[in-house]
Chemist: 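Input: one structure, supplied below.
All residue numbers refer to positions in the sequence shown, counting from 1.
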Amino acid sequence: MDAVTPSGHLLELFSAPQGEGVLAGTPMLFIRFSGCAIGCRFCDTRRSWKRSPEGKLRWGGEGSEKDAELFQNPVDVATVQEWAERFRKRQPGLAWVSLTGGEPLEQPGFAVSLAKALKGDGWKLYLETAGLHPAALRTLAPRLDFISMDWKLASSARIPPRPRPHQAFLKAA
């Protein structure tokens with residue numbers, strides 16, 4: 001795992017209700033990481049596969065261009081903290097952050113630094129991941145409140161069958 005990294009690549013930030021799982025309907029701030037080596041055929045965010053030189057703050061919600069602001073990558077943790085507080089002021093009661101992607105654990109140092117800072121600001125943290133980076137999870141897990149892992153089958157992704165990393169990930173979780 002890389003050292004703690006104070007900056008990383010994000011694709012977008014937006015608030016919306018969680019759409020799946022046991023927290024479906026819970027208002028969340030989604031922080032979508034930029035970069036994913038898996039390339040699932042059924043991915044609903046293919047634009048997140050490559051690290052983007054820029055991202056968007058989507059104040060109007062997912063996919064909205066209303067009041068959207070561009071930012072340049074990489075971004076530092078302190079800047080993301082400021083943006084998170086702006087979202088919370090716009091939506092009182094917003095308590096959860098979803099670290100999603102792309103694949104957050106492909107930028108483990110940044111993910112850990114960001115999670116530590118956001119947790120210190122009182123956010124509850126939800127990780128959405130493919131579950132292929134158990135070492136990164138072991139470092140991040142103490143700061144997480146919820147982990148959502150999507151087991152990636154070789155038939156749906158650009159990767160060979162990889163049961164061992166998934167199994168190690170589940171053990172770490």
Side-chain angles (χ1 to χ4, degrees), residues 1-19 23 26-38 45 47-149 169 172-173:
M1 183 166 127
D2 66 348
V4 174
T5 308
S7 63
H9 288 76
L10 300 176
L11 185 63
E12 60 188 349
L13 285 80
F14 61 91
S15 64
Q18 175 55 255
L23 294 176
T26 301
M28 290 203 185
L29 170 59
F30 289 84
I31 298 179
R32 186 176 307 283
F33 283 60
S34 177
C36 180
I38 299 167
T45 354
R47 69 188 189 283
S48 71
W49 291 0
K50 293 185 180 177
R51 287 201 180 171
S52 176
E54 63 184 23
K56 281 192 180 177
L57 297 168
R58 296 186 182 277
W59 302 109
E62 182 178 18
S64 174
E65 295 301 320
K66 182 181 181 215
D67 301 324
E69 295 177 34
L70 287 176
F71 61 84
Q72 298 301 307
N73 279 311
V75 294
D76 62 55
V77 168
T79 299
V80 179
Q81 278 182 280
E82 290 173 20
W83 293 336
E85 287 309 309
R86 285 175 61 190
F87 274 97
R88 189 159 31 197
K89 285 180 183 172
R90 287 172 165 248
Q91 191 175 347
L94 189 62
W96 283 87
V97 168
S98 174
L99 304 175
T100 188
E103 175 53 67
L105 296 181
E106 287 182 13
Q107 299 181 65
F110 178 55
V112 168
S113 295
L114 184 57
K116 183 178 180 181
L118 292 171
K119 199 68 172 166
D121 291 342
W123 291 94
K124 294 179 183 177
L125 299 179
Y126 181 108
L127 174 67
E128 295 186 54
T129 179
L132 293 171
H133 305 283
L137 177 67
R138 281 191 284 280
T139 305
L140 186 59
R143 294 165 180 87
L144 299 174
D145 296 288
F146 194 92
I147 301 168
S148 175
M149 185 195 91
F169 188 92

Chemist: Can you spot which of D145, V97, L23 makes a side-chain contact (heavy atoms from CB on, under 4.5 Å) with K124?
Modeler: D145
Chemist: Pick from E69, E12, E62, E65: which one makes a salt bridge (Lys or Arg N to Asp or Glu O under 4.0 Å) with K56?
Modeler: E65
Chemist: Between E103 (side chain only) and A37 (backbone N and O only), is there a donor and an acceptor less than 3.5 Å apart?
Modeler: no
Chemist: Quick one: does R58's side chain have a donor or acceptor within less than 3.5 Å of a partner on S64's backbone?
Modeler: yes
Chemist: Roughly how far apart are H9 NE2 and S48 OG, rounded to 0.5 Å?
Modeler: 13.5 Å
Chemist: Check whether any side-chain heavy atom of I31 sits under 4.5 Å from a side-chain heavy atom of L118, and report yes or no.
Modeler: yes
Chemist: Is there a donor-acceptor pair closer than 3.5 Å between any side-chain N or O of Q107 and the backbone N or O of S34?
Modeler: yes
Chemist: Could you report the tightest heavy-atom contact between V80 and V75, atom names first, then the distance?
Modeler: CG2-CG2, 3.8 Å
Chemist: For the CG atom of L11 and the CZ atom of R51, what is their distance to the nearest 0.5 Å?
Modeler: 12.5 Å
Chemist: Can you spot which of Q18, R32, E128 makes a side chain to side chain donor-acceptor pair (under 3.5 Å) with S98?
Modeler: E128
Chemist: For W123 and M28, run side chain to side chain contact (heavy atoms under 4.5 Å, CB included): C-alpha distance rounded to whole Å, both residues' side-chain angles, the deciding distance at 0.1 Å, then the answer.
Modeler: CA-CA 10 Å; W123 291 94; M28 290 203 185; over 6 Å; no
Chemist: Is the backbone of A78 close enough, under 3.5 Å, to the side chain of D76 for a donor and an acceptor to pair up by distance?
Modeler: yes
Chemist: Once you round to the nearest 0.5 Å, how far does CZ of R86 lie from CG of L13?
Modeler: 10.5 Å
Chemist: Any idea which heavy atoms bring A130 and I38 closest together, and the distance?
Modeler: CB-CD1, 3.2 Å
Chemist: Just verifying a value: how many Å separate R88 CZ and S15 OG, rounded to the nearest 0.5 Å?
Modeler: 12.5 Å
Chemist: Heavy-atom count check: over 12 atoms from other residues, nucleotides or ligands less than 6.0 Å from K119 NZ?
Modeler: yes
Chemist: Which heavy atom of L140 sits nearest a heavy atom of A111, and at what distance?
Modeler: CD1-O, 3.7 Å
Chemist: Which distance, rounded to the nearest 0.5 Å, do you find between the CZ of F33 and the CG of L114?
Modeler: 5.5 Å
Chemist: Please report the interatomic distance CG(L144) to CG(L127), rounded to the nearest 0.5 Å.
Modeler: 5.5 Å
Chemist: Parallel under 30°, tilted from 30 to 60°, perpendicular over 60°: which one fits the rings of Y126 and F146?
Modeler: parallel
Chemist: For a 4.5 angstrom cut-off between non-hydrogen side-chain atoms, does W83 reach L29?
Modeler: no
Chemist: Just checking F87 against W59, ring centres under 6.0 Å apart?
Modeler: yes
Chemist: Is there a side-chain contact between H133 and P108 (heavy atoms, below 4.5 Å)?
Modeler: no
Chemist: Return the minimal non-hydrogen interatomic distance between R143 and L125, and the atom names on each side.
Modeler: O-CD1, 3.4 Å
Chemist: Is any side-chain heavy atom of L10 less than 4.5 Å from a side-chain heavy atom of F110?
Modeler: yes
